[in-house]
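Some notes on the structure that comes next.
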Amino acid sequence: EKFEKSKLNKYQYSLIAAVDCTGHGVPGAFMSLIGLNQLYQIVNEKKITTPAEILHHLNNGIKKALKQEGMDSAKDGMDIAICTIDNSNKILEYSGAHRPLYYIRNNELKETKGNNIAIGGHTKEGYQFTNHQFNFEKGDTIVVILEAVAVPDLHNLDYPYKADAPRFYAHSACWDGIEDGELDHR
């Protein structure tokens, strides 16, 4: 299994999701629980790890759970950026629903756009999301922004880290990378 620990007690793959659900209070919490349950089933039970496939199944699951059919149905859903990191081969896969991924290497900022569509709501059932894949190197930084968050200067992020994996920044959560095969979360 990709996410099972090896004999060296290291994970080959790590999965990161930055999610922004519609609603505040109880409706937002309810949407978060539905999304978390769907993600758990997709990754742990169906063993799907490709980000675009995860989003495809998540979209279908949310639409089914909320009985979203036609243009008259509720528009509840979520924006999400999801990454699968292959720690052994230094490969990052990404797919996003209304969430871009920013990639910084050697002080050069690049943007990888997700699909311009949300999970659930009026998104067609069966919609195919785009999967992006690239190699990462020591010193790379990956930034995922939820909502309109001001990030001071993406070229001068001053967070210390020791790992050979990319650093992650998502709204108020920060992943400083992977050290010895395990994510360091700050």
Modelled atom types, side-chain donor and acceptor of N60 and Y127, under 3.5 Å
no
Side chains of Q128 and H56: is there a donor and an acceptor less than 3.5 Å apart?
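Indeed, the side chains of Q128 and H56 share at least one donor-acceptor pair under 3.5 Å.
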As a quick check of understanding, evaluate side chain to side chain contact (heavy atoms under 4.5 Å, CB included) for N116 and H98, giving each step before the final call.
CA-CA 5 Å; N116 193 23; H98 270 256; 3.8 Å; yes
Nearest heavy atoms of [X] and [Y], plus distance in Å:
X    : Y    : result
K63  : G121 : NZ-O, 2.7 Å
R105 : N135 : NH2-O, 2.9 Å
E93  : Q133 : CG-CG, 3.9 Å
T22  : M31  : O-CB, 4.0 Å
N59  : G120 : OD1-N, 2.8 Å
V19  : M78  : CG1-SD, 3.7 Å

Is a donor on one side and an acceptor on the other found under 3.5 Å between the side chain of [X] and the backbone of [Y]?
X    : Y    : answer
K47  : N44  : yes
N131 : A52  : yes
S95  : T130 : yes
T84  : L15  : no

I'd like to check [X] versus [Y] (side-chain heavy atoms, cut-off strictly below 4.5 Å). Are they in contact?
X    : Y    : answer
I91  : F134 : no
Y94  : I85  : no
I142 : F136 : no
I80  : L55  : yes
F30  : L66  : yes
I62  : I34  : yes
D140 : I104 : no

Is there a chain of hydrophobic side chains (I, L, V, M, F, W, Y, each step under 4.5 Å between heavy atoms) that links V43 to Y40?
no
Membership question, hydrophobic clusters at under 4.5 Å side-chain separation (ILVMFWY): are L33 and I54 in the same one?
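No, I54 and L33 fall in different hydrophobic clusters.
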Mind running side chain to side chain contact (heavy atoms under 4.5 Å, CB included) on I82 and I16 for me, showing each step along the way?
CA-CA 6 Å; I82 192 157; I16 295 172; over 6 Å; no
Side chain to side chain contact (heavy atoms under 4.5 Å, CB included), that's the test. Do Y103 and L109 meet it? Break it down for me.
CA-CA 6 Å; Y103 180 81; L109 174 66; over 6 Å; no
Please walk me through it: do I119 and D79 pass side chain to side chain contact (heavy atoms under 4.5 Å, CB included)?
CA-CA 6 Å; I119 296 293; D79 297 342; over 6 Å; no
Salt bridge between K90 and E137, side-chain N to carboxylate O under 4.0 Å?
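No, K90 and E137 are not salt-bridged.
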